[in-house]
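Heads up, the thing below is written out as structure tokens.
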Amino acid sequence: MVSSLRLPALTSLISPSFTRRSTVSLRRRLHLRPPLAAGFSAQSAASSPAETEDRVDSKKSGRVQDRGSTDRVITPRSQDFNAWYLDVIANAELADYGPVRGTMVIRPYGYAMWEAIQDYLNVKFKETGHSNMYFPQFIPYSFIEKEASHVEGFSPELALVTIGGGKELEEKLVVRPTSETIVNHMFTQWIHSYRDLPLMINQWANVTRWEMRTKPFVRTLEFLWQEGHTAHATLEEAEKEALQMIDVYTKFAYEQAAIPVIAGRKSKVETFAGADKTYTIEAMMGDRKALQAGTSHNLGQNFSRAFGTQFTDENGLRQHVWQTSWAISTRFVGGIIMTHGDDAGLMLPPRIAPIQGINESDAYLDFLILRAKMLVSIEVVIVPIWKKVDEKTGVLDAASSVAETLKNAGLKVKLDDTDQRTPGWKFNFWEMKGVPLRIEIGPRDVSSGSVVISRRDIPGKQGKVFGISMEPSILEAYVKDRLDEIQSSLLQRAISFRDRCSSDRSNGSCLLHGCILVSIALGSFNFLESFTEFFELNRIHMLLCTLDFFALSNASWILCSNIVDVSSYEELKEAISLGKWARGPWSASDADELRIKEETGATIRCFPFEQPQGTKACLMTGKPAEEVAIFAKSY
């Protein structure tokens with residue numbers, strides 16, 4: 001495990017004479033430029049010709065006309081992350097507030113993201129032997145009461161029905177918060193012998209939990225999810241199942257959503273009500289809060305004993321079944337927004353609606369491809385550009401041909417040929433929607449038989465490449481390669497933010513800035529100049545941190561990652577106060593864990609599966625600890 005570098009406090013190294021004038025002088029020495037997008041080569045920038053006159057004119061007119069015709073304003077992420085998040089949801093038309101407080105209406109574009117998640121996971125569930133079915137939404141309250149810890153955990157969130165058909169019900173009904181109880185009621189009727197096991201099912205459904213503090217997609221009164229339920233003959237089989245499903249979620253997060261999650265086991269305090277063990281995937285959002293993105297529970301025999309769910313084993317003995325449940329919900333849509341979005345809006349990983357690598361029948365594959373093409377989420381948008389009437393037909397014909405080529409290649413393409421909006425407005429609109437690639441076609445492009453392609457993940461001219469041939473084989477290969485690059489780039493960017501960056505990427509802070517400040521403190525200006533020359537040659541912008549680093553008490557927090565290794569409670573509190581995740585050895589009591597939650601607002605997110613070797617000392621008690629835990633504030 002890499003430990004944080006400990007240095008004297010900056011305030012003790014920097015003399016009072018280090019004034020604002022010194023900072024200005026330093027800026028002059030660094031020859032600061034406007035920022036360039038990371039990952040874009042100098043060669044590409046140098047080889048890109050100046051934009052054509054028709055393209056520049058259309059962008060100018062778009063800015064002038066469209067600002068007056070729309071109210072699409074996004075609060076900067078660094079200014080107010082929560083306001084930014086809500087602005088993106090509204091402006092990208094993902095969801096809207098429902099008439100009942102705490103509910104939301106998922107709009108077509110947001111629902112398409114959920115359908116993309118469904119399409120991928122449905123295939124994986126069937127590959128692992130599960131079948132889809134559906135259970136009623138209303139559950140007798142007596143079912144909830146059968147499992148003591150379950151009712152205790154869910155009571156504050158239950159929505160109850162007491163009147164039906166104008167009459168008071170004999171027994172109040174619970175609006176489904178989760179389905180373990182009703183599933184066990186039915187399993188008891190379906191399972192009789194070891195030959196009936198394993199029984200493995202999944203349902204796509206809505207659930208209701210009466211949340212007091214809500215946030216669209218992340219925490220709402222009603223939300224959509226899938227919940228899997230399985231019954232097994234042995235504990236070992238149930239444990240294998242629970243781990244298998246958290247692995248399915250982990251692969252989805254990394255390979256499809258481009259979200260680097262940390263998989264691990266929940267603490268006893270954070271374990272699902274009624275489970276023996278809960279496994280989780282935890283993701284770091286753009287504001288460094290943790291998001292529990294998916295869970296898998298080993299329920300042991302807790303529910304089977306409560307409901308009498310038994311089977312006759314091979315020796316003729318009656319045994320209680322061993323069970324699991326696992327779920328992922330529409331909060332994953334919120335996770336995609338908060339992980340990848342920027343000040344321009346949503347940023348979608350190209351594979352969020354996967355249609356490749358499916359090992360199913362040809363008929364099912366054809367269905368998925370057709371459905372993926374109908375999804376509102378789009379991999380490529382084509383924007384035709386013309387100024388004169390006699391240019392319109394040629395440009396639209398070329399754009400239609402390009403769209404057909406890419407659709408035939410299995411890509412999800414939108415040809416935005418409406419003439420009610422300017423090209424500049426369309427550029428901004430589809431950037432807001434997070435479409436990975438934009439293809440621009442103007443009259444000069446038609447004449448040259450080429451197109452201009454812009455990447456959503458690299459803003460401005462740096463992400464724009466000119467002169468890509470319209471020849472189908474060349475264009476298809478180029479677009480697919482760029483989509484793969486974007487997918488990889490988004491994942492690597494999220495990993496870098498979590499593991500190496502010291503604060504929100506939108507405010508310009510990074511490891512380099514820590515080096516600059518430490519160099520200033522030590523008077524190592526030759527060292528500083530060498531860094532400046534290196535980064536100038538590589539055309540990477542250096543921006544002094546907008547955070548007031550001089551107010552920090554310890555330079556180690558500048559140099560470390562957003563996950564900080566701690567060895568004491570004081571270090572944990574300092575890390576949490578700076579908005580970071582804290583990782584440290586833990587063997588303390590549940591009471592100690594609750595104390596940390598009360599005093600810092602942080603909880604144990606998980607004990608990661610990947611653990612460092614060797615004996616450690618608990619950060620709270622100093623006693624031997626076999627595992628490290630990750631603490632963070634969360635949604």
Side-chain angles (χ1 to χ4, degrees), residues 88-89 92-96 98 103-128 130-134 202-207 216-218 220 222-228 245 248-249 251-259 291 293-294 326-341 345-361 363-381 407 410-414 430 432-436 456 483 486-487 490:
V88 170
I89 288 175
E93 300 174 338
L94 300 177
D96 208 340
T103 63
M104 67 173 176
V105 177
I106 305 177
R107 302 184 67 178
Y109 202 75
Y111 198 83
M113 294 173 66
W114 178 236
E115 285 182 309
I117 295 171
Q118 286 181 304
D119 284 342
Y120 175 89
L121 290 179
N122 250 331
V123 172
K124 294 303 177 184
F125 295 161
K126 291 174 182 179
E127 285 180 349
T128 48
H130 304 88
S131 300
N132 284 333
M133 61 180 301
Y134 186 78
N202 173 69
Q203 76 164 341
W204 296 91
N206 63 330
V207 292
F217 289 111
V218 174
T220 50
E222 178 191 14
F223 56 92
L224 304 180
W225 76 350
Q226 61 74 211
E227 52 176 321
M245 300 320 294
V248 168
Y249 293 157
K251 288 180 178 177
F252 168 75
Y254 270 91
E255 298 174 5
Q256 307 299 318
I259 297 178
L291 182 77
W326 27 273
I328 206 169
S329 75
T330 40
R331 73 165 22 204
F332 215 106
V333 175
I336 293 170
I337 299 167
M338 291 191 285
T339 299
H340 301 304
L346 188 63
M347 195 180 301
L348 286 177
R351 294 181 197 163
I352 195 57
I355 58 173
Q356 289 125 358
I358 300 173
N359 297 318
E360 286 286 325
S361 67
Y364 190 63
L365 175 60
D366 290 343
F367 163 74
L368 283 182
I369 291 176
L370 175 62
R371 178 167 175 175
K373 288 181 179 179
M374 294 190 297
L375 289 179
V376 183
S377 54
I378 302 162
E379 291 174 309
V380 182
V381 63
K407 286 179 181 179
L411 298 172
K412 299 179 291 299
V413 181
K414 166 69 176 180
W430 292 112
M432 171 76 69
K433 291 280 195 177
V435 177
R456 175 63 179 87
L483 290 173
I486 294 170
Q487 183 78 27
L490 291 179

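- Taking the six-membered ring wherever Trp is involved, the centroid distance between the rings of W204 and W114 falls below 6.0 Å.
- Looking only at side-chain heavy atoms (C-beta outward), I106 and M104 come within less than 4.5 Å of each other.
- Within the 4.5 Å cutoff, the side chain of H340 has no heavy atoms near those of the L348 side chain.
- Taking the six-membered ring for Trp, F332 and F217 have ring centres at least 6.0 Å apart.
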Legend entry - Derivation of the side-chain contact (heavy atoms from CB on, under 4.5 Å) call for V123 and E127: CA-CA 6 Å; V123 172; E127 285 180 349; 3.7 Å; yes

Inset, instruction - Check the pair T330 / T220 against side-chain contact (heavy atoms from CB on, under 4.5 Å), numbers first and verdict last. - result: CA-CA 10 Å; T330 40; T220 50; 5.6 Å; no

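- By the 4.5 Å heavy-atom criterion applied to side chains, P349 and Q256 are not counted as neighbours.
- Every residue two or more places apart in sequence or in another chain that forms a side-chain contact (heavy atoms from CB on, under 4.5 Å) with E255 is listed here: Y120, K251.
- In terms of heavy atoms, V435 sits closest to V381 at CG1-N, 3.7 Å.
- At least one side-chain heavy atom of Q226 sits under 4.5 Å from a side-chain heavy atom of I328.
- Taking the side chain as every heavy atom from C-beta outward, W225 and R331 never approach each other to under 4.5 Å.
- Between Q118 atom CD and N132 atom CG the span is 9.5 Å, to the nearest 0.5 Å.
- Contact of the L94 side chain with the R107 side chain is not registered, since no non-hydrogen atoms from C-beta on lie closer than 4.5 Å.
- Salt-bridge formation is not detected for the pair R351/E379: no Lys NZ or Arg NE/NH1/NH2 atom is positioned less than 4.0 Å from an Asp or Glu carboxylate oxygen.
- The shortest side-chain heavy-atom distance between Y109 and L346 falls under the 4.5 Å cut-off.
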Inset, instruction - Report the C-alpha distance between M245 and H130 in whole Å, list the side-chain angles of each, state the deciding distance to 0.1 Å, and finish with yes or no for side-chain contact (heavy atoms from CB on, under 4.5 Å). - result: CA-CA 11 Å; M245 300 320 294; H130 304 88; 3.7 Å; yes

Inset, instruction - Quick one: do I378 and W430 satisfy side-chain contact (heavy atoms from CB on, under 4.5 Å)? Show the steps, please. - result: CA-CA 10 Å; I378 302 162; W430 292 112; 3.6 Å; yes

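- A heavy-atom distance below 4.5 Å is not found between the side chains of T339 and L490.
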